[in-house]
Amino acid sequence: MNASTSLGHAPGRTPGFFTPSEFRAHFPHVGRDAIYRLIKEKRIKTVRLFERKYLIPASELYDWPQREMERA
């Protein structure tokens, strides 16, 4: 994976955003259900598309772990 795709700039998708599955790929120790729970608890920032589609800003790759460390 090159630098542009690792930051959510793959062809044919919204630049700078990840789906929850793509975001989770960067954190293999975090389960799918945990990602959705964290989204629901607003601990991972998202943008909503339509009623059920979440997109996570690429900045959350860095910001979310930092916030979680501060919570501990």
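When a residue number appears, it is its place in the shown sequence, counting from 1.
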| Does Ile35 share a hydrophobic cluster with Met69, counting links as ILVMFWY side-chain heavy atoms below 4.5 Å and allowing steps through other members? | no
| request: Give a yes or no on whether the backbone of Glu68 and the side-chain of Arg43 come within a donor-acceptor separation of less than 3.5 Å. | output: no
| query | Got a donor-acceptor contact below 3.5 angstrom from the Glu60 side chain to the Ile44 backbone? | reply | no
| query | Just how far is it from atom OH of Tyr36 to atom OG of Ser21, taken to the nearest 0.5 Å? | reply | 5.0 Å
| request: Working to the nearest 0.5 Å, report the span between CG of Asp33 and CG of Leu38. | output: 11.0 Å
| For Leu61 and Phe27, which heavy atoms make the closest approach, and how far apart are they? | O-CZ, 3.6 Å
| task | Search all heavy atoms of Lys45 against all heavy atoms of Pro57 and return the closest pair with its distance. | result | O-CD, 3.3 Å
| Run the side-chain contact (heavy atoms from CB on, under 4.5 Å) check on Arg71 and Gln66 step by step: do they pass? | CA-CA 9 Å; Arg71 288 176 52 101; Gln66 183 64 37; over 6 Å; no
Is there a side-chain contact between [X] and [Y] in this structure, where contact means two heavy atoms from C-beta onward sitting under 4.5 Å apart?
X: Leu55; Y: Lys53; value: yes
X: Phe18; Y: His26; value: yes
X: Val30; Y: Trp64; value: yes

| said: Apply side-chain contact (heavy atoms from CB on, under 4.5 Å) to residues Ile56 and Thr19 and explain how you reach the verdict. | reply: CA-CA 6 Å; Ile56 302 169; Thr19 64; over 6 Å; no
